[in-house]
Amino acid sequence: MKLDISIYKNRRDDLLDKIGDAVAIIFNSHHVPRNRDSEFKFRSDSYFHYFSGFPEAESVIFLCGGKEKKSIIFCKDKNIEYEIWNGELHGPAKAAKDYLFDEAYSLERLDEFATKLISKFSKVFMVLDDNDSNKNRVHSWIGNNKKLKRSGSRSPEMIIDLSSIADQMRSVKSEDEINIMKLSGDIASKAHIRAMKKTKPGKYEYQIEAELLYEFMQNGALDPAYQSIVASGKNACILHYIKNDQKLLDKDLLLIDAGCELDGYASDITRTFPISGKFSSSQKDVYELVLSAQLKAIDKVKPGNLFTDPHDAAIDELIRGLIDLDLCQGSFDEVRDKQLYKEFFMHRTSHWLGLDVHDAGEYTNPDSTPIKLTKNNVLTIEPGLYIRPNENVPKDFWNIGIRIEDDVCVTDNSPNILSQMAPKSVKDIESIIGTDG
Ligand code: GLY
Ligand code: MN
Ligand code: MN
């Protein structure tokens, strides 16, 4: 399933309306070396992909606003030598036709054309991130025009960050995007189910990672959305654990944080379950608490609520439970005000989700208040508890690390849980663990 190419053109037209009499320049990423002469698999820059759908590295698009609105793509020329080794290139003519650009030129001519194109505008929009080479390139085009000043050339006076306009567009998903993200969620959910079924004590974490990748790829999601976390026992208390090289032990939990990428769109799901197939009583107590916090947080995913409301709801529930389990001591207000819960829950409950797993979009307004949720935002809800060995904590709880994460779309009615298919009740998960191990 792929978005229709006309969607990318419509986004460019939308952006042209928003920037007015200015030019927007969007660069694709380059191939990244892995070691010696091998490269990581290429993945387009998310902004470039959002506004073009064009899959070739190094390409650049120019959206020229004002009276003579037009979109231009610069890409590699056809080159049989290159194509024999690396695969077919579109070349400018086919790129323009297939991807609905008004004009297309060879990348070889980028500097020459860009210098002329930007001289017509006083404002340049580009994504201002830490990519210095793109900034240097734009500065060099501005510099070229300055040198030509005496021959009547003008040059832009302002470079403006494109992110604020583009992020606003990216953070409210269209129905087509939500359909793809649902499919991405379904595939990742199937992968979690497969992982649960294949889990058996004595296997290795990487064998379970292989089952996840198998299910992603069998369903047409050719890449994980991020490095999968398959963390058994104490490894679950390492938030970014990706070594995935330990043996699964009977008494431990397995935390899997894994999602796939479909037509660029990420899913991001975490499930935690007992390797033996049966929770111990302390594991179950902590699991039920995290699940209850997650359900309370999901209930807050409503248009008009603050982005922070789900986090606050999760924290309230976790604090109540941590006091009940005697893992935190003191009154509710004390534990909240002194943030004593942070020993066990140290990350945020949510982030935006889309082309990037931590997707584009603001979290606060200019006055620092939290942003409000609007219809068709997609965010994760992922509370957790991570209990490291500590003499103030009963030993039964040591090394329990639990996170439950779903992908949730804001609607006018109940939240649309895109990762709904992945089981999470104690009963449902205990009934499938190891059944195909
Ligand atoms: N898998 C990355 C995250 O949950 O934020
Ligand atoms: Mn996440
Ligand atoms: Mn995750």
Side-chain angles (χ1 to χ4, degrees), residues 43 46 170-171 173 181-182 184-193 195-196 205 208-209 211-213 215-216 221 223-232 235-244 253-262 264-273 287 290-291 293-295 297-298 300-301 307-311 313-315 318 342 344-363 373 377-386 401-410 415-424 429:
R43 203 277 191 184
S46 296
R170 282 178 57 183
S171 66
K173 271 67 179 177
M181 291 187 73
K182 174 75 177 96
S184 180
D186 285 347
I187 295 170
S189 299
K190 278 165 73 174
H192 278 265
I193 293 170
M196 289 175 189
E205 292 165 346
I208 306 304
E209 182 181 6
E211 302 293 350
L212 296 162
L213 297 176
E215 196 68 36
F216 293 165
D223 294 288
Y226 50 91
Q227 211 59 45
S228 307
I229 295 171
V230 183
S232 62
N235 302 327
C237 297
I238 303 169
L239 298 178
H240 290 163
Y241 177 81
I242 51 169
K243 274 167 80 179
N244 302 354
L253 294 174
L254 183 60
L255 180 156
I256 299 182
D257 183 344
C260 59
E261 194 171 277
L262 192 70
Y265 287 89
S267 41
D268 180 9
I269 305 177
T270 308
R271 291 292 183 264
T272 312
F273 54 91
Y287 187 86
V290 175
L291 183 57
Q294 202 231 13
L295 296 174
I298 291 175
K300 297 286 179 189
V301 178
F307 179 83
T308 46
D309 284 344
H311 182 64
I315 288 197
L318 291 175
K342 276 201 169 170
F344 307 110
F345 179 43
M346 59 297 280
H347 59 76
R348 306 290 300 177
T349 300
S350 303
H351 54 79
W352 301 126
L353 185 71
L355 287 174
D356 292 311
V357 66
H358 292 174
D359 205 33
E362 294 296 340
Y363 291 100
L373 297 175
N377 285 153
V378 179
L379 66 158
T380 63
I381 300 289
E382 50 177 308
L385 287 172
Y386 313 91
I402 293 174
R403 177 164 64 255
I404 306 173
E405 175 174 28
D406 280 302
D407 305 340
V408 186
C409 179
V410 184
N416 177 8
I417 303 175
L418 306 176
S419 46
Q420 179 83 47
M421 262 180 65
K424 63 181 173 183
I429 59 184

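Counting begins at 1 with the first residue of the sequence. Please read all numbers here as calculations on a predicted model, not as lab measurements. Side chains included, hydrogens not; waters and symmetry mates left out as well; all remaining heavy atoms used. Both ligands and their constituent atoms are indexed starting at 1 by order of listing.
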Problem set entry | Closest approach to the Mn ion (ligand 3) by Asp268, given as the N, O or S atom name | OD1
For this session: Could you check which N/O/S atom of Glu382 is closest to the Mn ion (ligand 2)?
Result: OE2
Exercise. Are His347 and Tyr386 near enough that their ring centres are under 6.0 Å apart?
Worked result: yes
Exercise. Any donor-acceptor pair under 3.5 Å linking the side chain of Asp407 with the backbone of Leu418?
Worked result: no
Problem set entry | Interfacing atoms of ligand 1 (cut-off 4.0 Å, heavy-atom, Glu405) | 4 (O)
Exercise. Using 30° and 60° as the class limits, which term best fits the ring planes of Phe345 and His311: parallel, tilted or perpendicular?
Worked result: tilted
Problem set entry | Check: Glu405 main-chain N/O paired with Asp268 side-chain donor or acceptor under 3.5 Å | no
Exercise. Is there an N/O/S atom in His358 that lies less than 2.8 Å from the Mn ion (ligand 2)?
Worked result: no
Problem set entry | Distance-only donor-acceptor check, side chains Glu205 and Ser232, under 3.5 Å | yes
Problem set entry | Asp356 and Ser46: side chain donor to acceptor below 3.5 Å | yes
For this session: Check Glu405 and report its N/O/S atom nearest to the Mn ion (ligand 3), by atom name.
Result: OE1
For this session: Pull out every atom of ligand 1 sitting under 4.0 Å from any heavy atom of Tyr226, numbered as shown with elements.
Result: 1 (N)
Exercise. Identify the closest protein heavy atom to atom 3 (C) of ligand 1: which residue and atom is it, and at what distance?
Worked result: Asp268 OD2, 3.3 Å
Problem set entry | His358 heavy atom under 4.0 Å from ligand 1 | yes
